[in-house]
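All values reported here derive from a predicted model rather than from experimental measurement. Letters go in sequence order (proteins before strands), and every chain restarts at 1.
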Amino acid sequence: MRNLRRQGVVALGLAGLLVGTAACGGDSGTNDDGASGSDEGGGDTLVFGASADPVSLDPAYVSDGESLRAARQIYETLVTTEAGGTDIVEGLATKWEADEAGTAWTFTLRDGVTFHDGTEFDAEAVCFNFDRWYNFEGVQQSPSVSYYWQTVFTGFANNEDPEQGESLYASCEATDATTAVINLTGPSASFLPGLALAAFSIASPTALEEFGADEVTGTGEEPRFDGAYGLEEAVGTGPYTLESFEPGNRLVMTAYEDYWGDAPAIETIIFRPIADGPARRQALEAGEIQGYDLVDPADYEALEGAGYQLLSRPAFNVGYVGINTAKPPLDNPQIRQAIAHALNREALVQAQYPEGSEVATQFMPPELFGHADDVTEYEYDVEKAKALIAESGVANPTIEFWYPTGVSRPYMPNPEANFQAFQADLEAAGFTVTPQSAPWNPDYLDAVNTGAAGLYLLGWTGDFGDPDNFIGTFFRTDQPSWGTIPQEIQDQLEAGRTETDEAARTALYEDANRAIMEQLPGVPYVHTSPRLVFAENVVGYEPSPVSIEDFARVSFSD
Amino acid sequence: MSLSGAEAQETVLTQSEEARGGLVRDAFRRLRRSPQAIVGATLVLLFVLVAVFAPLLAPYSPTAQDLSQVRPGQFPGPSAEHLLGLDQLGRDELSRIIYGARYSLIIGVVSVTIGATVGMALGLLAGAFGGWVDGLVMRAADIMLAVPSLLLAIGIAALLGRSITSVMIAIGVVNIPVFARLLRGAMLSQRESDYALASRSLGVTKGRVVLKHVFPNSLAPVIVQATLALATAITEAAGLAFLGLGSPDPSIPEWGRMLAETNAYLASEPLLALWPGLAIVISVLGFYLLGEALREALDPKLRR
């Protein structure tokens with residue numbers, strides 16, 4: 001078996017070399033001004049190594065990075081973020097303003113924009129999309145299917161789960177072709193930054209209807225998209241149109257001729273799914289792909305030495321040791337503090353994380369407003385940990401400590417290494433650690449989300465630049481993974497979500513961060529900046545903290 | 001001049017005892033002359049000694065970490081203090097390899113014991129009784145042998161949950177049909193041999209013939225198989241650990257797991273994959289060489 005695989009890699013490598021050579025030949029005529037990318041021979045193609053196929057090309061149904069990456073190229077959102085940052089800038093809307101109450105938002109739309117199928121982009125289309133999401137039913141309402149709608153807008157027109165909260169969205173009016181008014185049921189500070197999420201991409205109403213975008217069957221865990229939309233069809237206003245999508249093989253996108261903005265420099269973008277990290281690196285070195293995401297920190301030096309460019313994405317994540325505060329002995333605050341003091345976070349971050357990674361003091365990155373500089377910090381101190389255990393009255397504390405297998409996340413490139421480092425730290429402080437592991441999806445996430453795991457390794461990457469997307473997502477509502485979160489923290493976070501005054505929000509979130517670190521429902525330990533790698537001649541790729549990254553600005557240098 | 005029944009029985013017995021003693025002596029003599037056997041035995045002895053005296057031999061604790069020594073993808077290589085360098089958590093690689101021998105030896109010995117004991121009991125039943133017992137046992141063995149051994153072991157280990165015990169049981173179970181068939185086959189041919197027929201014709205009970213004559217004389221191939229099975233067991237244990245089916249405690253210095261862990265660093269630190277790989281190869285090679293030499297030495301056809 002192992003032999004076969006090796007032969008396969010060699011064969012792939014050879015094929016890659018051939019393809020690479022051919023591509024180089026075609027590239028030699030590229031215009032370097034990047035204005036009109038298509039050159040003779042059609043060799044103007046960038047192949048990007050994705051870690052998986054998109055789940056669907058209908059962004060309303062997805063929440064995974066690979067699906068969103070593809071959606072970013074084909075679709076556009078009303079607002080977006082500045083390149084490389086989290087500030088909101090114009091997208092399909094050029095102007096927006098809220099009324100005094102913060103419930104009626106008027107968007108002035110860009111003129112002269114057409115969908116890939118030739119239909120007009122206008123206020124009607126915007127309202128059509130919002131009403132479609134709002135009226136999701138059945139499987140569409142499952143949290144895994146319409147994750148981001150539920151994150152930002154909470155509920156639907158007809159909530160099928162009685163526990164589901166009331167929808168933030170009320171209605172949408174197209175007052176004229178370029179003016180859409182979105183009415184909310186209450187003020188929300190995360191509404192506008194939330195609209196930059198690829199999940200709120202505006203798709204062609206004609207195509208959505210024609211290709212059965214709403215035909216979803218199956219179950220929440222395993223939804224089946226029966227319509228052609230999302231697999232064979234995907235129609236937005238973005239710089240690239242869907243050429244073909246063969247799951248397991250490739251997703252091909254070509255430049256959209258009638259794009260309203262600057263035409264993309266590269267004619268064809270191909271996303272090739274390569275699940276295995278080392279295989280992605282081999283594909284890059286073989287010239288088969290020109291770039292990939294989430295480079296293993298262990299490969300940084302070698303790749304840089306070989307002349308590849310490593311691009312760093314600003315740290316917008318947190319890795320933490322989660323604690324189920326309802327599970328003895330973790331319900332004891334002194335035991336939790338002992339754990340925090342026992343973990344040598346500095347040593348782990350230095351040994352396992354790339355340069356530029358920071359030791360976390362709280363559950364959100366310092367770049368975000370609401371980050372408090374004066375939270376309770378738990379410095380590495382084994383003696384103090386031992387003293388706290390003695391004070392707690394728990395004799396010989398035993399902890400089930402969980403880690404996932406078969407996964408690598410930006411905030412956790414090697415979960416097993418993190419686990420072993422922390423396991424040794426905890427044992428040094430006098431804890432007895434029972435190791436527990438499970439494959440990441442679904443077993444591990446299930447164990448954590450149902451509250452079965454006591455101590456566990458997890459983390460989070462922010463979707464948009466708002467504290468509600470970090471600590472709000474974690475602690476605003478009861479979640480079994482954290483055990484019991486005091487009501488006053490939940491109230492503070494709810495207040496932060498609806499408050500519209502920036503200064504007041506900042507204060508609320510700073511207070512919440514202090515309270516959370518006092519309560520200690522987990523030990524945040526790292527904010528890391530993941531990296532992408534590109535071939536030497538690829539220019540213009542701008543990494544974004546929230547992964548809003550546009551291939552239309554990428555070109556080849558000579 | 002006629003021998004009484006009892007005297008005749010004595011004579012036959014003595015001859016078969018002598019034959020066995022002779023076979024063992026011969027086998028030893030041939031083993032001593034075979035370079036293959038000597039190399040194999042040396043490697044096995046080395047492996048066992050390292051496993052038994054691991055705490056004395058290992059310069060450091062296999063789990064003591066020194067994170068300050070490592071950076072992502074860069075671990076100090078071999079040096080005077082750490083002969084095989086440090087791993088991704090700053091642990092002494094040599095100490096881990098040495099302690100790893102313990103796990104391999106324990107898993108190997110226990111699993112082969114499980115497989116051989118249960119397999120031989122079943123083989124004895126089938127070989128002694130024949131008929132429907134034989135049919136039942138052998139069909140069950142055929143079914144198990146139809147499934148590739150590693151696949152069967154993965155299935156059993158996955159079913160039992162992640163632990164070293166389940167790995168030992170899984171590998172043991174995989175070995176059961178092998179030993180059962182082997183013993184039964186050897187017994188069948190011994191049962192029809194002249195000395196067995198002679199004993200039977202002299203009135204020795206069937207049970208006594210089977211237990212005292214047929215069974216001991218059928219053991220040679222089983223001994224060979226047990227040695228070879230140890231080699232396979234070490235590879236299979238490493239394979240299961242590589243696939244993530246070993247102990248859930250990742251700090252245990254198990255060779256297969258160490259190999260799996262270094263997979264991510266193969267490009268930057270290839271030596272880290274070499275050491276556990278080499279340890280597996282050397283120990284497996286030892287048991288193979290010894291097993292093959294035993295097979296030749298115990299083969300009555302090669303007796304001069």
Tell me which of these, [options], has more heavy-atom pairs under 4.5 Å with chain B than the rest.
options	result
A:A351, A:A428, A:A298	A:A351
A:F419, A:F401, A:Y300	A:F419
A:R281, A:E301, A:Q350, A:Q352	A:Q350
A:S437, A:P435, A:P439	A:P435

May I ask you to check whether over 12 heavy atoms, not counting those of A:E304, lie within 6.0 Å of atom CD?
yes
Within a reach of under 6.0 Å around CD of A:E355, are more than 12 heavy atoms found that belong to other residues, nucleotides or ligands?
no
Can you see which heavy atom on A:L457 is nearest to which on A:P415, and at what distance?
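Heavy atoms only, the tightest pair is CD1-O, 3.5 Å.
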With a 4.0 Å cut-off on N to O distance, would you call B:E93 and B:R96 a salt bridge?
no
Under a 4.5 Å heavy-atom cut-off, does chain A meet the side chain of B:Q69, its backbone, both or neither?
neither
Contacting region of B:E269 [heavy-atom separation from chain A under 4.5 Å]
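Neither part.
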Could you pull out all residues at least two apart from [X] that satisfy side-chain contact (heavy atoms from CB on, under 4.5 Å)?
X	answer
B:L266	B:N263, B:A273
B:S251	A:Q420, A:Q423, B:T63, B:R91, B:D249
A:N344	A:E346, A:A347, A:Y380, A:D425

Among A:Y525, A:Y320, A:Y403, find the one that has a ring pair (Phe, Tyr, Trp, His ring centres under 6.0 Å) with A:F422.
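Considering A:Y525, A:Y320, A:Y403, a ring pair (Phe, Tyr, Trp, His ring centres under 6.0 Å) with A:F422 is found only for A:Y525.
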Examine distances only and state if a side-chain atom of B:E254 and a backbone atom of B:G256 form a donor-acceptor pair shorter than 3.5 Å.
yes
Those residues of residues 153-174 of chain B that come under 4.5 Å of chain A on a heavy-atom basis, listed by number, are B:R162
